[in-house]
Amino acid sequence: MPTQTPALVAESAGAAFTTRLIERRDLRDDDVAIEIAYAGICHSDIHQVREEWGKASFPMVPGHEIAGVVTAVGAGVTAVQVGDRVGVGCMVDSCGECEFCKDGFEQHCTRGAVMTYNGIGYDGDPTLGGYSRSVVVSERFACPIPDGIGLDEAAPLLCAGITTYSPLRRWGVGPGSRVAVVGMGGLGHMGVKLAVAMGAQVSVLSRSDAKAADSLALGAVEHVATSDLATMKARRNYFDLVLNTVSADLDIELYLGLVKPRGVVANVGLPTDPYRVRPGRLIGTSKVLAGSNIGGIPETREMLAFCAEHKIGAQVETITADEVTEAYDKVVAGKVRYRYVIDVSTINAAQG
Ligand code: NAP
Ligand code: ZN
């Protein structure tokens with residue numbers, strides 16, 4: 001018999017969240033059941049609930065920044081034990097056999113990775129995410145959370161953390177690198193923390209000076225308001241890597257102008273309009289315009305170890321279940337510092 005668990009549900013596109021029971025499957029041999037403690041609110045949740053990326057699947061239970069404790073394991077589980085603290089990110093299954101899965105890039109699985117919510121499992125059932133009290137996933141996708149990182153500050157690492165860690169690593173950020181992080185939000189503030197810990201000289205490029213003190217406190221050498229045209233001009237051909245985390249459309253050519261010849265603009269922000277880039281702006285100075293999609297499971301585990309070593313967690317504001325609908329508007333308005341996490345013990349629904 002599948003178990004029932006209280007969850008926050010959007011019944012249709014853009015709907016306010018309501019609380020009701022949802023079902024979690026019986027444990028398969030390789031499954032673990034997790035009592036969730038915290039679920040982060042990623043801007044991707046908002047894009048999907050509001051169908052900003054196209055048609056989505058409803059009823060929807062968002063949440064792909066999950067941290068909790070294992071409460072039961074299937075008969076064949078070997079890597080995780082009851083009582084372990086684990087995190088689940090954007091994926092809950094992949095074929096495990098294609099070249100990308102074998103190389104640790106499950107997000108590019110040729111069969112199609114199963115996303116934690118707004119997806120369809122290989123069993124044909126819709127997936128429901130972490131805004132709930134419990135979840136069941138294959139042990140392959142439950143990443144141990146190292147001691148020393150609280151579950152609240154760990155939850156956002158499972159998306160915001162890995163999504164910024166992966167391009168910083170891929171493009172070789174380290175001592176001597178100049179990195180600009182565009183957008184000081186959930187992803188952006190993690191990008192700053194991680195790039196600083198990797199030894200880079202980090203600049204934050206933001207819409208205003210409102211977050212300047214926070215940028216410097218996180219270790220950035222400067223916080224530049226993009227309206228400060230003199231400083232923006234002085235930063236032309238300056239950075240090795242620009243990491244764009246902005247959730248809205250941007251003038252990408254402006255940011256291409258900020259990287260050195262052969263430099264990289266890596267985009268992780270996911271608005272919907274096409275980029276407008278004249279080929280000459282790439283070719284003339286041999287620049288790279290790149291995208292990056294979360295990160296695979298081996299790299300997620302590596303990122304968690306890196307965070308433990310450098311004592312890095314997300315900067316979070318904890319909210320209750322009844323605050324989530326309003327929190328979406330606050331994220332869009334740029335009011336969160338810097339990630340809302342839901343205390344899922346506040347999600348209560350009558351046992352039916
Ligand atoms: P967030 O917390 O809302 O942060 C986005 C930041 O972008 C804001 O804090 C703001 O920074 C800036 N911004 C917002 N609106 C802007 C506008 N109109 N013009 C210029 N700047 C603006 O969002 P998030 O959770 O970090 O997610 C950011 C984006 O990454 C979303 O599109 C999300 O879907 C995407 N994402 C992608 C992946 C991936 O795998 N590639 C994974 C997760 C999320 P300032 O106030 O500093 O300007
Ligand atoms: Zn996310």
Asks: Would you check, one step at a time, whether the test salt bridge (Lys or Arg N to Asp or Glu O under 4.0 Å) holds for R235 with E222?
Replies: CA-CA 12 Å; R235 295 292 171 272; E222 63 177 357; 2.8 Å; yes

Asks: Answer yes or no for R169 and F306: cation-pi contact, defined as NZ/CZ to six-membered ring centre under 6.0 Å and angle to ring axis within 45°.
Replies: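 Because its charged atom sits under 6.0 Å from the ring centre and within 45° of the axis, R169 does stack over F306.
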
Asks: Does the pair E253/R278 count as a salt bridge with the N-to-O cut at 4.0 Å?
Replies: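 Salt bridge present between E253 and R278.
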
Asks: Among V173, L243, V264, which residue satisfies the side-chain contact (heavy atoms from CB on, under 4.5 Å) criterion with P167?
Replies: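 Testing P167 for a side-chain contact (heavy atoms from CB on, under 4.5 Å) against V173, L243, V264 leaves exactly one candidate, L243.
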
Asks: A side-chain contact here means heavy atoms from C-beta on lying under 4.5 Å apart; do C98 and C109 qualify?
Replies: yes

Asks: According to ring pair (Phe, Tyr, Trp, His ring centres under 6.0 Å), who are the partners of F239, at least two apart in sequence or on a separate chain?
Replies: none

Asks: Please check if the side chain of T19 supplies one atom and the backbone of A349 the other of a donor-acceptor pair under 3.5 Å.
Replies: no

Asks: Using atom types as modelled and distance alone, determine if a side-chain donor or acceptor of S177 lies under 3.5 Å from a backbone N or O of V179.
Replies: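 Here the side-chain-to-backbone pair does not exist.
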
Asks: Are D31 and R25 side-chain neighbours, meaning at least one heavy-atom pair lies under 4.5 Å?
Replies: yes

Asks: Regarding D251 and R276, does a basic nitrogen lie under 4.0 Å from an acidic carboxylate oxygen?
Replies: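 A salt bridge is absent here (no side-chain N lies under 4.0 Å from a carboxylate O).
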
Asks: According to a hydrophobic-cluster definition based on side-chain heavy atoms being under 4.5 Å apart (Ile, Leu, Val, Met, Phe, Trp, Tyr only), do V259 and Y275 belong together?
Replies: yes

Asks: With sequence neighbours left out, what residues match R50 under side-chain hydrogen bond (donor to acceptor under 3.5 Å, both in side chains)?
Replies: D329

Asks: Got a donor-acceptor contact below 3.5 angstrom from the H223 side chain to the S208 backbone?
Replies: yes

Asks: How many angstroms lie between CG in L21 and CD in E23, if you round to the nearest 0.5 Å?
Replies: 9.5 Å

Asks: Give the minimum heavy-atom separation between L128 and P59, together with the two atoms involved.
Replies: CD2-O, 3.9 Å

Asks: Within the 4.5 Å heavy-atom criterion, are D103 and H108 side-chain neighbours or not?
Replies: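 They are not in contact (no side-chain heavy atoms under 4.5 Å apart), so the answer is no.
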
Asks: Side chain to side chain contact (heavy atoms under 4.5 Å, CB included) between S206 and V224: does it pass, once the steps are laid out?
Replies: CA-CA 6 Å; S206 183; V224 179; over 6 Å; no

Asks: Quick check on the hydrophobic clustering: are Y38 and V137 connected, directly or via other members, by side-chain heavy-atom contacts under 4.5 Å?
Replies: no

Asks: Check step by step if side chain to side chain contact (heavy atoms under 4.5 Å, CB included) holds for D214 and Y338.
Replies: CA-CA 10 Å; D214 292 344; Y338 278 88; 2.6 Å; yes

Asks: Of all heavy-atom pairs between P126 and I120, which one has the smallest distance, and what is that distance?
Replies: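 In this case the closest contact between P126 and I120 is CA-CD1, 4.1 Å.
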
Asks: Please determine whether residues V341 and Y328 belong to a single hydrophobic cluster, defined as Ile, Leu, Val, Met, Phe, Trp and Tyr linked transitively by side-chain heavy-atom distances below 4.5 Å.
Replies: no

Asks: Using side-chain heavy atoms (C-beta onward) and a distance below 4.5 Å, is R337 in contact with K211?
Replies: yes

Asks: Measure the shortest side-chain to side-chain distance between E302 and Y165 over non-hydrogen atoms and say whether it is less than 4.5 angstrom.
Replies: yes

Asks: Please examine the side chains of Q4 and I22, heavy atoms only from C-beta on, and report whether any two atoms are closer than 4.5 Å.
Replies: no

Asks: Indicate yes or no for a side-chain donor-acceptor contact from W171 to the backbone of D240 under 3.5 Å, with no hydrogens or angles considered.
Replies: no

Asks: Hey, is R28 close enough to D123 for a salt bridge, meaning N to O under 4.0 Å?
Replies: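 Answer for the salt bridge query: yes.
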
Asks: Apply the test side chain to side chain contact (heavy atoms under 4.5 Å, CB included) to residues L205 and V181: give CA-CA distance (whole Å), side-chain angles for both, the deciding distance (0.1 Å), then the verdict.
Replies: CA-CA 6 Å; L205 308 184; V181 175; over 6 Å; no

Asks: Calculate, to the nearest 0.5 Å, the distance between atoms CD1 and SG belonging to I162 and C90 respectively.
Replies: 9.5 Å

Asks: So do the side chains of L194 and C307 get within less than 4.5 Å of each other, counting heavy atoms only?
Replies: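 They are in side-chain contact.
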
Asks: With no hydrogens and no angle check, is any side-chain donor or acceptor of R281 less than 3.5 Å from a backbone partner on L256?
Replies: no

Asks: Would you find a donor on one side and an acceptor on the other, under 3.5 Å apart, between the side chain of K193 and the backbone of G313?
Replies: yes

Asks: Roughly how far, to the nearest 0.5 Å, is CG of D152 from CD1 of I342?
Replies: 13.0 Å

Asks: Hey, are R111 and E97 close enough for a salt bridge, meaning a charged N less than 4.0 Å from a carboxylate O?
Replies: no

Asks: Looking at every non-hydrogen atom in both residues, tell me the closest pair between V49 and A10 and how far apart they are.
Replies: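 Result for this residue pair: CG1-CB, 4.2 Å.
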
Asks: Decide if atom OH of Y255 counts as having more than 12 heavy atoms of other residues, nucleotides or ligands within a radius under 6.0 Å.
Replies: yes

Asks: With D273, which residues qualify under salt bridge (Lys or Arg N to Asp or Glu O under 4.0 Å), at least two apart?
Replies: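 Salt bridge (Lys or Arg N to Asp or Glu O under 4.0 Å) check on D273 returns nothing, list empty.
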
Asks: Quick one: do K330 and E317 satisfy salt bridge (Lys or Arg N to Asp or Glu O under 4.0 Å)? Show the steps, please.
Replies: CA-CA 12 Å; K330 288 185 176 167; E317 292 186 58; over 6 Å; no

Asks: Kindly determine whether Q107 and N293 satisfy side-chain hydrogen bond (donor to acceptor under 3.5 Å, both in side chains), including the steps that lead there.
Replies: CA-CA 7 Å; Q107 72 273 36; N293 185 13; over 6 Å; no

Asks: How long is the straight-line distance from CE of M303 back to CZ of R301, given to the nearest 0.5 Å?
Replies: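 Rounded to the nearest 0.5 Å, the CZ-CE separation comes to 11.0 Å.
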
Asks: Decide side-chain hydrogen bond (donor to acceptor under 3.5 Å, both in side chains) for S134 and T5; before the verdict, give the C-alpha distance in whole Å, the side-chain angles of both, and the deciding distance to 0.1 Å.
Replies: CA-CA 6 Å; S134 71; T5 189; 3.2 Å; yes

Asks: Can the ring centres of Y131 and Y117 be said to be less than 6.0 Å apart?
Replies: no

Asks: Taking all heavy atoms of E106 and all of G296, pick out the closest pair and write down the distance.
Replies: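 Minimum heavy-atom contact is OE1-CA, 3.3 Å.
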
Asks: What about V114 and I34, same hydrophobic cluster or not, with Ile/Leu/Val/Met/Phe/Trp/Tyr joined at side-chain heavy-atom distances under 4.5 Å?
Replies: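 Yes, V114 and I34 fall within the same hydrophobic cluster.
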
Asks: I'd like to check L168 versus M198 (side-chain heavy atoms, cut-off strictly below 4.5 Å). Are they in contact?
Replies: yes

Asks: Kindly give the heavy-atom pair with the smallest separation between V92 and F141, and that separation in Å.
Replies: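 Taking every non-hydrogen atom into account, O-CD1, 3.4 Å.
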
Asks: To check you understand the geometry: which heavy-atom pair defines the closest contact between D26 and M1, and what is its length?
Replies: OD1-O, 2.6 Å

Asks: T245 side chain to G183 main-chain N or O, any donor-acceptor pair under 3.5 Å?
Replies: yes

Asks: With a cut-off of 6.0 Å (strictly less than), are more than 12 heavy atoms of other residues, nucleotides or ligands near CD of Q81?
Replies: no

Asks: Could you walk me through whether D30 and R140 pass the salt bridge (Lys or Arg N to Asp or Glu O under 4.0 Å) test, one step at a time?
Replies: CA-CA 8 Å; D30 64 334; R140 284 200 294 136; 5.6 Å; no

Asks: Sub-3.5 Å donor-acceptor pair from the side chain of K102 to the main-chain atoms of G96, do we have one?
Replies: no

Asks: To the nearest 0.5 Å, what is the distance between CG (L218) and NE2 (H189)?
Replies: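 So the gap between those two atoms works out to 7.0 Å.
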
Asks: Treat each ILVMFWY residue as a node, draw an edge where side-chain heavy atoms are under 4.5 Å apart, and state whether L289 and L241 are in one component.
Replies: no

Asks: So, the side chain of E51 versus the backbone of A56: is there a donor-acceptor pair under 3.5 Å, distance only?
Replies: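 Pair found, side chain donor or acceptor close to backbone of A56.
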
Asks: Is the backbone N or O of T163 less than 3.5 Å from a side-chain atom of S166, with the two atoms forming a donor-acceptor pair by type?
Replies: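 No; zero donor-acceptor contacts below 3.5 Å.
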
Asks: For L258 and N237, what are the C-alpha separation, side-chain angles and deciding distance, and is it a side chain to side chain contact (heavy atoms under 4.5 Å, CB included)?
Replies: CA-CA 5 Å; L258 301 185; N237 298 314; over 6 Å; no

